[in-house]
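Note sheet for the following structure.
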Amino acid sequence: MKAYIEKIADYKDKEVEISGWLYNKRSSGKIHFLEVRDGTGFIQVVVVKGQVDEGVFELCDKISQESSIKVVGNVREEPRAPGGYELDLKSIQVIAQAEVYPLQKKEHGIDFLLSNRHLWLRSKAPWAIIRIRDEVIRSIIDFFHSKDFIKLDAPIFTPSACEGTTTLFEVPYFDQKVYLSQSGQLYGEAGCMAFNKIYTFGPTFRAEASKTRRHLTEFWQIEPEVAYAKLDDIMELAEQFVTYIVQRVLANRQKELKMLERDVTILEKIKVPFYRISYSEAIEMVKKQSVSGGEVPILQWGDDFGAPQETYIASQFDKPVFVHRYPTKCKAFYMKPDPENPDVVLCTDLLASEGYGEIIGGSQREENIQALEKKIEKEGLPKEAHEWYLDLRRYGSVPHSGFGLGLERLVTWICGLHHIRETIPFPRTIDRVSP
RNA sequence: UCCCCGAUAGCUCAAUCGGCAGAGCGGCUGGCUGUUAACCAGUAGGUUGUAGGUUCGAGUCCUACUCGGGGAGCCA
């Protein structure tokens, strides 16, 4: 009976056939331990001399790492085996003997691993991370589906730059130039006027010359946009959203979190409501810390937070924290100023706990056409490019709000990783585009 | 774009004051009946990133370049 390792417990004391690859081999002369992976999991296969044909035993001694193999054997519960189950080998077929495999069980440098990313994906840590990423993606779709959001796919080719061209990738498009999308938001706003509740989910591109553990040039964004929603509504949506995803990963990817040695007690605390503080309160926190001898540089009201401030603020909380109402001058043109204080806008950033920093940025959008036109003019943005966007205010404008969540930053935090590049199958960074 | 660090065997790294380039892993050969990145013995494996300079002598010091890493700013 054909079986996948992921479901091996269902086949206890039965004979199964597993098609996979030889992950590792340990041998003691008259007993071989083959660690076999099939993509769905890892299992130890035992080959004892005398209990199998002499030819089978000899063959097992000669199979190289990562050779593709089919094994047939009996599934047995075994506490000494890494996965709790073991396969007693009956027969084995080598599909393709692998050449000497470049990746070893011992340590490797990051440059070597990234150059061999196509092979590195087979190793345990990348395998666990990408499976968690998949669970996050499934959770995102299920969450919005359960709330009757429509998935609206924003274009990847976009016409002339809406927010300036410095961080956009330019691509030739027949006899003109277009840019790779850096956000689906403006299209999402059009979508929410048509479908009320929508979300976009797709790759986005930023040509920022950023060289940090939090940046990729190609990354995936989820951007819900909701008609008639105010800032508070969107913060509630965001905390429910993040809570749902984290709890789903805890429920379905416990084994993978353990492989990554993630402290799940931290994740177990991720439940609504999250903390909420204003930008002004956050500035005060940083000041107070500095007065009592802290090392985080102090900021004046009106300055945007840098990495040290953001890390400090997030580290003061055991759950993610919303920082809302930033100074108007720090934020994008489409954000609506607070009617009670026009110096700040109705925006919110969600900072992940443990110093992982911003995972969500959102706001209530400016729905008044005059205010929006004034802002576009003031920031020197091309008016023609925004005409269709202004139409959304001309024809039945309503308050609306939305946010953007960076998939890879979320996965980095959930997995407790040091660097974002491990959360996407083939990372694109400023100086690496292959494999 | 700016600042800091690095490049030695297939991989991860040593090499004292400028004085014979070495270990583990991986490969190969052999041993081992419960291994967990198995272990033990033997063995092969080098244009020290590139180009130049100083020196009796350079992996080591100097200059430039290339590639990579870490951080800043900006952001998700």
Side-chain angles (χ1 to χ4, degrees), chain A residues 23-35 42-52 57 61-62 64-66 76 78-84 86 88 98-116 119-120 123-125 163-164 166-167 181-185 203-223 238 297 303-311 330-332 349-352 356-362 403-413 418-421 423-424 429-432:
Chain A
Y23 187 72
N24 192 22
K25 182 174 61 186
R26 294 176 287 270
S27 179
S28 298
K30 298 202 173 55
I31 182 165
H32 298 309
F33 298 94
L34 311 180
E35 195 175 358
F42 299 80
I43 193 167
Q44 178 161 285
V45 175
V46 187
V47 193
V48 181
K49 192 168 189 170
Q51 291 177 21
V52 292
F57 190 83
D61 196 37
K62 291 192 169 67
S64 56
Q65 189 186 357
E66 283 303 326
R76 184 167 40 79
E78 172 58 72
R80 287 174 293 184
E86 220 169 53
D88 289 321
E99 295 177 24
V100 176
Y101 193 64
L103 270 60
Q104 305 171 13
K105 301 280 95 55
K106 300 261 178 181
E107 253 177 59
H108 287 292
I110 191 64
D111 182 41
F112 181 78
L113 288 173
L114 287 172
S115 296
N116 289 283
L119 302 176
W120 187 26
S123 300
K124 284 181 177 171
E163 294 182 55
T166 50
T167 64
S181 172
Q182 62 171 353
S183 165
Q185 185 202 310
T204 50
F205 308 86
R206 305 242 171 125
E208 290 160 357
S210 301
K211 245 186 97 171
T212 81
R213 69 176 75 152
R214 296 189 306 281
H215 287 88
L216 296 166
T217 56
E218 177 182 313
F219 65 100
W220 287 65
Q221 268 200 119
I222 299 93
E223 296 174 287
D303 294 336
D304 209 349
F305 295 120
Q309 291 84 19
E310 219 174 76
T311 303
C330 303
K331 291 291 178 178
D349 283 356
L350 183 66
L351 309 184
Y356 276 92
E358 187 182 343
I359 51 172
I360 280 179
F403 64 82
L405 176 140
L407 175 66
E408 288 77 14
R409 284 199 181 169
L410 180 68
V411 175
T412 306
W413 169 58
H418 179 70
H419 204 297
I420 196 167
R421 65 189 161 209
T423 63
I424 188 164
T429 52
I430 182 164
D431 41 27
R432 190 184 291 276

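Letters go in sequence order (proteins before strands), and every chain restarts at 1. All of these numbers come straight from a predicted model, not from anything done at the bench.
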Go along nucleotides 40-50 of chain B 5' to 3' and tag each nucleotide: B for a protein heavy atom under 4.0 Å from its base, S when only backbone or sugar atoms are that close, - otherwise.
-> -----------
Nucleotide by nucleotide, 5' to 3', does protein get under 4.0 Å of the base (B), only the sugar-phosphate (S), or neither (-) in nucleotides 4-12 of chain B, counting heavy atoms?
-> ------BSS
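Computed from coordinates, the A/Lys49 NZ to B/G34 P distance equals 15 Å when rounded to whole Å. As rounded to whole Å, 15 Å separates atom C1' of B/A37 from atom OH of A/Tyr101. Atom P of nucleotide B/A76 and atom CG of A/Leu350 are separated by 13 Å, given to the nearest angstrom. When the P atom of B/A76 is taken as reference, atom CD of A/Glu218 falls 17 Å away, rounded to whole Å. The nearest whole Å value for the distance from the CD atom in A/Glu208 to the C1' atom in B/A76 is 9 Å. Here the C1' atom of nucleotide B/A72 and the CD1 atom of A/Ile430 are 13 Å apart, to the nearest Å. Protein atom CZ of A/Phe305 is 15 Å distant from nucleotide atom P of B/A76, rounded to whole Å. Regarding A/Arg76, its CZ atom lies at a distance of 14 Å from the P atom of B/G34, rounded to whole Å.
Comparing the C1' positions of B/C39 and B/C25 gives an interatomic distance of 13 Å, to the nearest angstrom. B/C4 sits 29 Å from B/A9 when the C1' atoms are compared, rounded to a whole Å. Rounded to the nearest Å, the gap between the P atom of B/U54 and that of B/U63 is 15 Å. Between B/C5 and B/A64, the distance separating the two P atoms is 14 Å to the nearest Å. The separation of B/C13 from B/G59, taken at their C1' atoms, amounts to 14 Å, rounded to a whole angstrom. Of the P atoms belonging to B/G42 and B/C56, the separation is 43 Å, rounded to the nearest Å. One C1' atom belongs to B/C2, the other to B/G10, and the distance between them is 36 Å to the nearest Å. Only the P atoms considered, B/C11 is 29 Å distant from B/G18, to the nearest whole Å.
The two residues A/Arg432 and A/Ser115 have their closest heavy-atom pair at NH1-OG, 3.3 Å.
In this structure, the separation between CD on A/Gln221 and CD on A/Gln185 is 9.0 Å, given to the nearest 0.5 Å. Atoms CZ and OG, on A/Phe205 and A/Ser181 in that order, are 8.0 Å from each other to the nearest 0.5 Å. Taken to the nearest 0.5 Å, the CD1 atom of A/Ile360 stands 7.5 Å off from the CG atom of A/Leu410. Atom CD1 of A/Ile424 and atom CD of A/Glu408 lie 4.0 Å apart (nearest 0.5 Å).
Base pairing in RNA chain B yields stems of at least 3 consecutive Watson-Crick or G-U pairs, both distances under 3.5 Å, namely B:1-7 with B:66-72, B:10-13 with B:22-25, B:27-31 with B:39-43, B:49-53 with B:61-65.
A glycosidic torsion no more than 90° from 0 defines the syn conformation, and B/C17 adopts it.
The side chain of A/Glu86 lies closest to B/G34 when the candidates are B/G73, B/G70, B/G34. Closest contact between the side chain of A/Phe33 and the listed nucleotides B/G69, B/U35, B/G73 involves B/U35. When distances are taken from the side chain of A/Ile31 to each of B/G27, B/C75, B/U33, the shortest belongs to B/U33. Of the candidate nucleotides B/A76, B/A72, B/G69, B/G69 has the atom lying nearest to any side-chain atom of A/Arg432.
By the 30° and 60° cut-offs, the orientation of the rings of A/Phe57 relative to A/His32 is parallel.
Judged by distance alone, with hydrogens and angles left aside, the side-chain atoms of A/Glu310 form no donor-acceptor pair with the main-chain N or O of A/Ala307 at under 3.5 Å.
You won't find any donor-acceptor pair under 3.5 Å spanning the side chain of A/Arg26 and the base of B/C32, going by distance alone.
At the heavy-atom level, A/Leu216 lies under 4.0 Å from base atoms of the strands shown. Contact annotation for A/Gln44: base contact, defined as any heavy-atom pair under 4.0 Å involving a base atom. Within 4.0 Å (heavy atoms only), A/His32 reaches no atom of the nucleic acid at all. In this structure, A/Gly306 reaches the sugar-phosphate backbone alone: every heavy-atom distance under 4.0 Å involves primed, P, OP1 or OP2 atoms, never a base. In this structure, A/Thr204 reaches neither bases nor backbone, as no heavy-atom distance under 4.0 Å exists between it and the strands shown. Within the nucleic acid shown, A/Asp349 has no heavy atom closer than 4.0 Å to any nucleic acid atom.
Considering only heavy atoms from C-beta on, A/Tyr101 comes within 4.5 Å of A/Leu119 through its side chain. Side-chain contact check for A/Glu35 versus A/Arg26: some heavy-atom pair is nearer than 4.5 Å.
The side-chain ring of A/Phe219 is stacked on the base of B/A76, judged by centre separation under 5.5 angstrom and plane angle under 30 degrees.
Taking a cutoff of 4.0 Å between a charged side-chain nitrogen and a carboxylate oxygen, A/Asp349 and A/Lys331 qualify as a salt bridge.
Between A/Arg421 and B/G70, a side-chain N or O to OP1/OP2 separation shorter than 4.0 Å is present.
Partner A/Thr167 forms a side chain to side chain donor-acceptor pair (under 3.5 Å) with one of A/Gln182, A/Arg206, A/Glu208 and no other, that one being A/Gln182.
Listed by chain and residue number, A/Leu22, A/Leu34 satisfy the side-chain contact (heavy atoms from CB on, under 4.5 Å) test with A/Lys25 (two or more places apart in sequence, or in another chain). Residues passing the side-chain contact (heavy atoms from CB on, under 4.5 Å) test with A/Gln51 are A/Val48, sequence neighbours excluded. Residues that satisfy the ring-ring contact (aromatic ring centres under 6.0 Å, His included) test with A/His215, not counting sequence neighbours, are absent from this structure.
Each of A/Lys25 and A/Ser28 was matched to the nucleotide of RNA chain B holding its nearest heavy atom; the match closer to the 5' end belongs to A/Ser28.
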